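These notes are about the structure you will find just below.
Just so we're clear, the structure is a prediction, and the values are computed from it rather than from any experiment.
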Amino acid sequence: MAGERRWVGAPVPRKEDAALLTGNARFIDDLEPVAGLRHAAILRSPHAHARIKRIDVARAAALPGVYGVFTGADVAGLINPIPSAVRAPIRNYPIAVDKVRYMGEPVAVAVALDRYIAEDAIDLIAVDYETLTPIVDPEAAMAKDSPLVHEEVGSNVVHRRGFRYGDPESAFAEADLVLALRSKYPRYSSTPMETYGVIANFERQPERYTIWANFQGPFILHALMSASLKLPGNRVRIITPPASGGSFGIKQAVYGYMVLLAAVSRLAGAPVKWIEDRLEHLMGSSCAADRADRIEAAFKKDGELTGLRFMNLVNVGAFVRAPEPASVYRMQASANGCYRVKNIFIENVLAVTNQLPVGLNRGYGGPQFYFALERMMDLAARKLGLDIAEIRRRNFIRAEEFPYHAPAGSHYDSGDYHAGLAECLRLADYDSLKRARDEARAAGKLFGIGMAAGVEPSGSNMAYVTLAQTPDERAKAGAKSGALAVATISIDPSGAVTVRTASTPNGQGHATVAAQIVADALGIDFKDVSVVTEIDTLTSAWSLASGNYANRFASIVVTAIAEASRRVAEKIRVIAADQLEVAPEDVELVGGNARVVGVPEKSLPIRRVATQAHWHPAGLPEGVSPGIYETAIFSPPSLGAPDASERVASSLTYGYVIDLAAVEIDRETGRIEVKKYVSVHDVGTVLNPLVVEGQIYGGFAHGIGAAFLEEMVYDANGSFQSGTFADYLCVTAPEMPKLIVGHIMTPSPTNPLGSKGMGDGSSMLTPAVIGNAVSDALGIEDLTLPLTLNKTWDLANGREHHRATVARPRVGAAEPGIGAGALTGSGTVELTAPPAEIFQLLLDPTFLAAVVPGCRELTLIGPDRYVAEVTIGVAGIKGVYSATMEIRDKRAPESLRLVGRAQGALGSGSGEGRVRLAPSATGGTVLHYDYAADVGGKIAAVGSRMIGSVARVLIGQFFRGLDRKLAAGKESGDDATSSQRSFLARIFGGDKK
Amino acid sequence: MLRRKPGEKHRIELTVNGRRMAGHAEPRMLLVDFLRHELRLYGTHVGCEHGVCGACTVIIDGRATRSCVRYAVQCDGAEIRTVEGLAAGEDLNALQQAFSRHAALQCGFCTAGILMSVTQFLAETPRPTEAQVRDMLSGHICRCTGYEGMVRAILEVAHSSAEA
């Protein structure tokens, strides 16, 4: 490396920005890489759990502009299931075959001239489902008599392993204080603003799939995709677009769709493009696993933490998609956190349920881990009468102990946690903050302070995932290890410098930082370095760890860049030395020149020296190869396979984060005001402060979202309820608390720059810090996130909070005895016709078809049984529903009961209602109705409040129509009453949407 | 009220970034799809297609508008500004430069819409408070930045143009 750092460490604005700020950057949906693209739309399951009895694609396939409609059976005939790290006999196809196992699972794919037609086509696909009992709760899923997500497995528990490090039994036996804490952590997603996008093209001669996708890696998944597509790796070409609109881990899971669209391209005989919409993304892409964990801790009287037990229960959703079960193993080697504790027991259990399969998400396993461990530390401090800072100070690994060998295998590279803590307390003005708490409490206010500290493992060793296997299984499968990073630097015949990183960033600024490193190494200007970060697996240098995850850029990829730079610099020095007639070690690269050390006037432009390697190879010094093209492939040698006692060095660098928050809770509104938030980070050498700050603020926003707002909610039927950005709430600018950031810098010895991976840290710690502060304010230990206004109000006012999964949309208060549907309502209307007449009209199908808004057909199929086809739109989502209705318990002219089911591409519903008729004082009728219905599918996902309000609107419309008809005269009175039926049809059929 | 037949394509003429343009759209075609796929202006991005995230915001006749909840046929004759029209030639304008300087973007996917909202906002509110800026930004979702850089960039631009 050149000695001087001119660019590394400077707040250099990013190379990426100009294209992004002018609308010039190209994302996957902006690409048309081959002519003749067709567009795909995916029909998804409206049910959490159902058997597919029949799929009729005839009407869809006949629609003009449609090139083909393909089902799971078509796709399964072409590909293998995608392999998984868990050995259970689960057949994971990227589209449902025989059975649907989560709402949103792909069921069929339509390929058409454009996306509008493709979406029309999926509305015309008829699927006959036999619904099965949904498995929603992971704890209930473990019961012996639970229905099964995968019958072949024989259980919903698909993985269970226990681990013991040190001597946890003795630690707990000899403890002065043993504490236990339940740690439930919700399911959420970092929802990148750009959704998934895939373009797939199958070619013959040779048979090859080319797949463009905003995939982020890890490219170990390329091997799985090849296996599934039944072709060798060089026939599955993956190309990432120049720009990717965020990921935070989520775009790892696009690989299932890459396989699906590749197969569909082959079936359709054409290149196919699929751009996911937001509703699909929320219900059908990926998310972090929700957990139902339990942590136990053993303490000595003086606060020393001597033992930990983790009982982790992971809800992986319907399939164990690679790299799961990695999320629960990511933190295992660092299960001691920042502490000196040696004795640790860990049990990891994976349960499958009828929910979206989980995958990478910012912090990957870290937020869940720290929510347990760090809440335990604050709890222990309170129980032991220690300050929350003091208990950490007493347990922190000391600065002189680094590098530190953690009990479960991590090698902590460097750090000074005590310095970080001191800085955090200083920035927080901790003593006056505690006084403020005393004063607030004296004034009757709810004020709390919470802390959390944690390491940020970065640069993952592929081997940690193999902890999911027993040592025997690992031995059989062959050892795995490493974290290969690749970088190529070339100087072309014009003298231009190009860096290729194969790091597939999703917005972090890799190109900028790579250019900073290379500019320093070659003594050239930052602007003279071009960087290519995307991958083409057929032409790029890459390996299985390539990609963008686990903070690997600043921990490992930078080493490959530095090594390739070193080689290029060395070559330039050797060529320059020959021309300058000095030894290579006497040549330095500065300011774009190769010059003799101490004799600055003896110099040559680097560009001129470098181009000689192309233009005049015969003139190169002996032993110097022509051209300048250096590829460095690096894997840290310390990242080995798990040892016999299941210890593994799971990451390369361990930055750390120490956070403190103070909150005040308003009893009246449930609002939690963050009065102060301090976050101290040690990321080793800061390569670019702008980039580092951006990651800290961004990670903090994810942490705040997780703490207060974000949750993917499923109801008791497994219907997804958070299907729009109006229902799944992301943090916006006014909700962001002020953040005070501090830095400690202990350079990492693991790479030549001293940098550590970063980006996840705040997202891992913030939920725990807020949890602790709220817990302190309320004096409540058992908290679950998100701390919404409703939940916090309940907690602050001593009420039991009903989880959002149980709280359902309510249109009005239903009377008891009508059932417990998700959608309930009731009301009373006065009509001018007498009850007998109204009752008769309610039974008359002839008029119903005419007056039910959106009713295309209404057919009598038996005594008091009808089939209707209705079109209903909710907030711009219009769909056709097929409804069956039955009238039961007729007691003319007083009451009747209606039972119905409706199904359409956008969702399904079932329910029942009661209608009671009584004579009014004016000779008319007082009609009372109440109903209860369950709604599923996209329509349920787009939001309870829309469904509720649409139901109200339709009821209103119906009665207005009815009144008009009645007023229009006797001969049209029949019409009027039939419109009343239409209202019922809508209630029980389509109107639930 | 103007009625349009479903399935039939209509000719739409409008001004985009000062240039007269024309294309065809079915009544159901969203403005954002028309801009991207008919006029081939890919700078405007689709984030949610249901009017919440703000990524697709453009300025229509002087109003910042989500182009995913507007039909193209509604915009016949309109004057539209998109992100492609912000820079002066190859030079970034003051707002774009400030966004870069303050790390107000990372992946940049939401940025086009935010720049358009801010452009209109600053035209109407040349000297905003931080609270006003944050309130305006609440119409947008950015998952990368935590909004901090944006707030700083917008306040700086407002401050410097107020001084000028």
(request) Please determine, among A/H281, A/K738, A/M193, the option with the most heavy-atom pairs under 4.5 Å with chain B. (result) A/M193

(request) Side chain from CB out, backbone as N, CA, C, O: work out which of these in B/L92 comes under 4.5 Å of a heavy atom of chain A, or both, or neither. (result) side chain

(request) Below 4.5 Å from any heavy atom of chain B, which atoms of A/T22 appear? Answer side chain, backbone, both or neither. (result) both

(message) Taking the side chain as everything from C-beta on, heavy atoms only, tell me whether B/R143 gets closer than 4.5 Å to A/C730.
(response) yes

(request) Look at B/G149, B/G43, B/G146 and state which one has the largest set of heavy-atom pairs under 4.5 Å with chain A. (result) B/G146

(message) Determine whether a donor-acceptor pair (N or O, by modelled atom type, separation under 3.5 Å) exists between the side chain of B/R36 and the backbone of A/D29.
(response) yes

(message) Could you go through A/Y116 and B/L30, starting from their C-alpha distance and side-chain angles, then the distance that decides it, and tell me whether this counts as side chain to side chain contact (heavy atoms under 4.5 Å, CB included)?
(response) CA-CA 10 Å; A/Y116 285 74; B/L30 303 176; 3.8 Å; yes

(message) Working to the nearest 0.5 angstrom, can you tell me the gap between B/C144 SG and A/N506 CG?
(response) 8.5 Å

(request) Return the option, out of A/V731, A/T191, A/N24, with the maximum number of heavy-atom pairs under 4.5 Å with chain B. (result) A/T191

(request) Keeping the roles fixed (side chain from B/R134, backbone from A/A733), state whether a donor-acceptor pair exists under 3.5 Å. (result) yes

(message) I need the residue from B/V151, B/I141, B/L137 with the largest number of non-hydrogen atom pairs under 4.5 Å to chain A.
(response) B/I141

(request) Report yes if the side chains of A/L21 and B/S100 come closer than 4.5 Å at any heavy-atom pair, otherwise no. (result) yes

(message) We want to know whether B/Q106 and A/E16 form a side-chain donor-acceptor pair, criterion being a heavy-atom distance below 3.5 angstrom.
(response) no

(request) Anything under 30° is parallel, anything over 60° is perpendicular, the rest tilted; go ahead and classify A/F725 against B/H50. (result) tilted

(request) State, with a plain yes or no, whether a side-chain heavy atom of A/T732 is found less than 4.5 Å away from one of B/H140. (result) no

(request) Against chain B, work out which of A/Q508, A/E693, A/H702, A/R362 has the most heavy-atom pairs shorter than 4.5 Å and name it. (result) A/H702

(request) State whether the side chain of A/R278 and the backbone N or O of B/E49 hold a donor-acceptor pair below 3.5 Å, judged by distance alone. (result) no

(request) Identify which of B/R101, B/E26, B/R40, B/H102 forms the greatest number of heavy-atom pairs closer than 4.5 Å to chain A. (result) B/R40

